[in-house]
S.K.: 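The structure follows.
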Amino acid sequence: MTNRELTEQIRKKRSFLCIGLDTDLDKIPGHLKQEEDPLFSFNKAIIDATHEYCVAYKPNIAFYEAYGLAGWKALEKTIEYLNEHHPDIFTIADAKRGDIGNTATRYAKAFFEQLNFDSVTVAPYMGRDSVEPFLQFPGKHAILLALTSNQGAFDFQTTAYEGKALYERVLETASAYEHSERLMYVVGATKAEYLQDIRKIVPGSFLLVPGVGAQGGSLQEVCKYGMTEEVGLLVNSTRAIIYASEGTDFAEAAAAKAKELRDQMAKELL
Ligand SMILES: O=C(O)c1cc(=O)[nH]c(=O)n1[C@@H]1O[C@H](COP(=O)(O)O)[C@@H](O)[C@H]1O
């Protein structure tokens with residue numbers, strides 16, 4: 001999916017919501033655990049109930065790898081279900097990969113060819129040759145960690161390096177990579193005040209902004225400092241939506257939460 005197609009979806013749905021699918025057997029409703037594939041049953045119910053309110057889904061791969069082969073199968077079924085029933089929805093494999101070029105190419109093939117995701121999250125620490133293999137696939141995107149939502153972001157990312165914070169250096173350097181038009185960047189919603197300066201470095205790029213909901217980030221602040229004329233934002237919320245209820249009404253409760261956020265987003269798009 002191209003950036004333009006993504007922006008069209010955002011305008012059409014009046015939403016730039018990304019719903020995380022961090023599916024945890026300890027948190028899903030008890031009655032689903034009797035099912036043959038509880039992880040997929042949960043995801044399918046969440047997708048069926050929420051797809052009209054969002055433009056992206058982001059399964060975090062850790063939640064599937066944690067269950068071995070059964071988890072990987074559930075991930076495969078989830079991306080197949082999304083691609084078959086909702087081809088207009090942008091899909092993000094949140095895998096935070098990063099390795100030498102030869103290995104990075106295999107990661108890219110795994111997520112873009114084997115699983116057919118639209119994008120994958122990538123850590124920038126190993127530099128150009130670890131990122132560019134993800135940028136060789138037309139219509140696919142690498143979403144590079146720039147300034148993350150967690151407290152540990154202050155350990156390295158905001159530290160000055162040759163007069164600039166490391167996250168600024170990441171944005172500047174990566175903007176010069178081959179096919180950098182296929183790059184998006186992660187900026188945590190909990191650090192919305194940094195967005196004004198970030199927009200000076202990457203004025204037109206899409207930003208994936210996690211941290212609204214359970215981590216306490218403000219949607220309004222993110223929009224105030226980060227939104228562009230083409231919107232340029234995918235705001236993610238996971239636990240606050242998918243675990244809105246532990247009962248048999250979990251999907252309806254998730255839909256209500258997703259709609260609430262979508263309605264707030266629609267106001268920001270006016
Ligand atoms: O890359 C990410 O998606 C990510 C980056 C970041 O800086 N912070 C962050 O929370 N995430 C992911 O976004 C999701 C946030 O989930 P909630 O806190 O439940 O909304 C998790 O899957 C995190 O791994």
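Fair warning: this is a prediction, and the values are worked out from it, not measured in the lab. Ligands are counted one by one from 1 in listed order, and the atoms in each one are counted from 1 as well.
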S.K.: So, are Asp197 and Arg199 salt-bridged, with charged N and O less than 4.0 Å apart?
M.R.: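 Salt bridge: no.
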
S.K.: For atom 19 (O) of ligand 1, grab the closest protein heavy atom and report residue, atom and distance to one decimal in Å.
M.R.: Arg239 NE, 2.6 Å

S.K.: Relative to ligand 1, is Thr238 under 4.0 angstrom through side chain, backbone, both or neither, heavy atoms considered?
M.R.: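 Thr238 to ligand 1: contacts from backbone and side chain alike.
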
S.K.: Without hydrogens or angle criteria, can the side chains of Tyr125 and Ser130 be said to hold a donor-acceptor pair below 3.5 Å?
M.R.: no

S.K.: What protein heavy atom sits nearest atom 5 (C) of ligand 1, and how far away is it?
M.R.: Pro210 CG, 3.5 Å

S.K.: With a sphere of 6.0 Å drawn around CD of Glu193, does it hold more than 12 non-hydrogen atoms of other residues, nucleotides or ligands?
M.R.: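 Atom CD in Glu193 is packed in, count exceeds 12.
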
S.K.: Tell me if a side-chain donor or acceptor on Thr91 pairs with a main-chain N or O of Asp118 at a distance below 3.5 Å.
M.R.: yes

S.K.: Is Asp94 near ligand 1, meaning one of its heavy atoms is under 4.0 Å from it?
M.R.: yes

S.K.: Taking the basic N atoms (NZ, or NE/NH1/NH2) and the acidic carboxylate oxygens, is any pair closer than 4.0 Å for Arg4 and Glu230?
M.R.: no

S.K.: Counting non-hydrogen protein atoms only, what is the nearest one to atom 7 (O) of ligand 1? Give residue, atom name and distance.
M.R.: Ser149 N, 2.8 Å

S.K.: For atom 15 (C) of ligand 1, grab the closest protein heavy atom and report residue, atom and distance to one decimal in Å.
M.R.: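 Answer, as residue, atom name and distance: Gln215 NE2, 3.5 Å.
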
S.K.: Out of Val122, Asp22, Leu21, Thr190, who gets a non-hydrogen atom closest to atom 21 (C) of ligand 1?
M.R.: Asp22

S.K.: Quick test of your reading: applying ring pair (Phe, Tyr, Trp, His ring centres under 6.0 Å), list the pairs with at least one residue in residues 202-222, sequence neighbours left out, ordered by first then second residue.
M.R.: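 Output for this query is empty, none listed.
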
S.K.: Return the closest protein heavy atom for atom 13 (O) of ligand 1 as residue, atom name and distance.
M.R.: Lys58 NZ, 3.2 Å

S.K.: Go through the steps to decide whether Ile92 and Asn236 satisfy the test side-chain contact (heavy atoms from CB on, under 4.5 Å), and finish with yes or no.
M.R.: CA-CA 11 Å; Ile92 304 169; Asn236 181 84; over 6 Å; no

S.K.: Near Thr148, which atoms of ligand 1 are under 4.0 Å from a heavy atom of that residue?
M.R.: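 By the 4.0 Å cutoff, the relevant atoms are 7 (O).
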
S.K.: Considering only protein heavy atoms, which is closest to atom 23 (C) of ligand 1, and at what distance to one decimal place?
M.R.: Asn60 ND2, 4.1 Å

